[in-house]
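All remarks here apply to the structure that follows.
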Amino acid sequence: MGALLLCACGGKKPIIVPPVPGGGGGGGDDPKPIKQAEIGKPLPAWEKGWFDIHFINTTTGEAVYLIFPDGTQMLIDAAGSQVATGVVNSVTNTGIRARWDPTKESGWLCGEYIANYIKSCQAWVGSSKIDYVLLTHFHNDHFGGASGLPVSDLSPNYVKQSLPYILDNFEVGKLMDRGYPDYNYPFDMSSKADNSANCTNYIKAVKYQVEKRGVVAEKFVAGSNTQIQLLKDADSYPGFVVRNLAINGEIWNGGTGTNKTFPELNEIVVANTKDVKSSDKCPAENHMSCMAKFSFGSFDFFAGGDGQYNGLSSFAWKDIETPVAEVCGQVEVMKADHHGTSNTNGTGYSNKCWAMRYLNPQVWIVNSWTDAHPRKDVYEGVTGLLPNADVFITNACADQQAYKDYASRTKGDNGHVVVRVCEGGSKYYVYVLTDSDRKSNVKVISGPYFSR
């Protein structure tokens, strides 16, 4: 066990310093060693028994594709923010797209780019079916913008928004999100959300897929460890479990129940749905993200959507990140919450946000789509708190590369990031693959890391 660090507010919280990658730390048995990758060549094909996690680089948001040890496939989100290169939003994406701008190649058909990447991996599995699709929350950088896109080839009622494009072009077993079937929390998403047109398009696509193509749609269930499971050979991998941690502020309690921390629908009060952050009775969209932990033996991966804690200074219940991190516990790999932007990843606010101390990842992976993903204070806060953790960033520019200790702490950037876990979960590697050449050749190999 590791040492206890003293909290600035007087309490004690656990933090365990991770082992140096490749040395010690309980490597355990390795029933099926991972084939060695070679720089400049394609990543060796996935094989049964391995757990793959692919952070697909699109420069428009998040898309994480997973291959479970038995070949069950899952997609978490389908990026597609339509913030154009160089257009100022809160920050720009001029720097990260100076190297490569896939939005200009595809004409904003980001779903097509994601689909092509997935299809290349499905050749390894021998199945074209995505068994599970999870939309963590209703923001464009997670399910796609819909403005100006062509109409679906299957229905005239919706357009080729990123996630609907995926639904159209794959056989999908089960679709989960935070709103099905009513899509009315914390208000009617099709009329009052600030991206209501995109929400409406997505909802129409879901309705079509359920009624015409037999897709099973469900609301993500907090606390469940059976909603997502191995479908092809579960008996061979009893140590693989997916635990749903949170949705809409409902958080698994670590046992058989959940705790509801957000207002009920009949309690929601908001004067302006365009600015829900200022309301004490309406949770913001990011806070309502679906969050989950994927466990394979001693290996754990935390996927927390855009969980964050902005608004905590006025309303304590708006910190969704910390209580979810606490019930999740220590993990090997963590997708950076909300792309590593402000008010996330356990940094800031007088050391009252403890998320990273609970999660304590060995590897922190940032899906970036602006020049400030991750932000300087968050990057340096995480690397300062966890001196042995390695960082990987799908997109980086000169501003980010000037962060303190970037060269020593960031082990790979500017490409698809792939985590490959060996059979049994005792050991894993992290790879960065080329993106702009569409070849996905290996450019960085990091590891082995040993699960704790």
Which pairs count as salt bridge (charged side-chain N to carboxylate O under 4.0 Å, His left out) when at least one residue sits in residues 337-346, sequence neighbours excluded? none
Verify whether one side chain among D413 and Q400 offers a donor that lies under 3.5 Å from an acceptor in the other. no
Which residues pass the side chain to side chain contact (heavy atoms under 4.5 Å, CB included) test with P42, not counting sequence neighbours? N441
For H416, the option from F55, Y65, Y117 that meets ring pair (Phe, Tyr, Trp, His ring centres under 6.0 Å): Y117
Decide whether S81 and N140 meet the rule of one side-chain donor and one side-chain acceptor closer than 3.5 Å. no
Would the H142 and H339 ring centres measure less than 6.0 Å apart? yes
Tell me which pairs pass salt bridge (charged side-chain N to carboxylate O under 4.0 Å, His left out) where either residue lies in residues 429-443, with sequence neighbours left out. R99-D435, E105-R438
Positive for side chain to side chain contact (heavy atoms under 4.5 Å, CB included) with N248, one of H287, H137, M288: M288
Does a side chain donor of either Y132 or Q229 reach within less than 3.5 Å of an acceptor in the other side chain? no
Y429 and Y449 aromatic centres sub-6.0 Å: no
Do other residues, nucleotides or ligands put more than 12 heavy atoms under 6.0 Å from K119 NZ? yes
Contacts of type side chain to side chain donor-acceptor pair (under 3.5 Å), residue Q227, not counting sequence neighbours: E218, N244
Given N201, T200, D194, N195, the one that forms side chain to side chain contact (heavy atoms under 4.5 Å, CB included) with N198: N195
Surrounding NZ of K411 (heavy atoms of other residues, nucleotides or ligands, distance under 6.0 Å), is the total greater than 12? yes
Under 6.0 Å between ring centres, would you say that holds for F294 and F299? no
Enumerate the salt bridge (charged side-chain N to carboxylate O under 4.0 Å, His left out) contacts for residues 59-74, please, sequence neighbours excluded, ordered by first and then second residue. E62-K335
Salt bridge (Lys or Arg N to Asp or Glu O under 4.0 Å) with E380: which residues, sequence neighbours excluded? K376
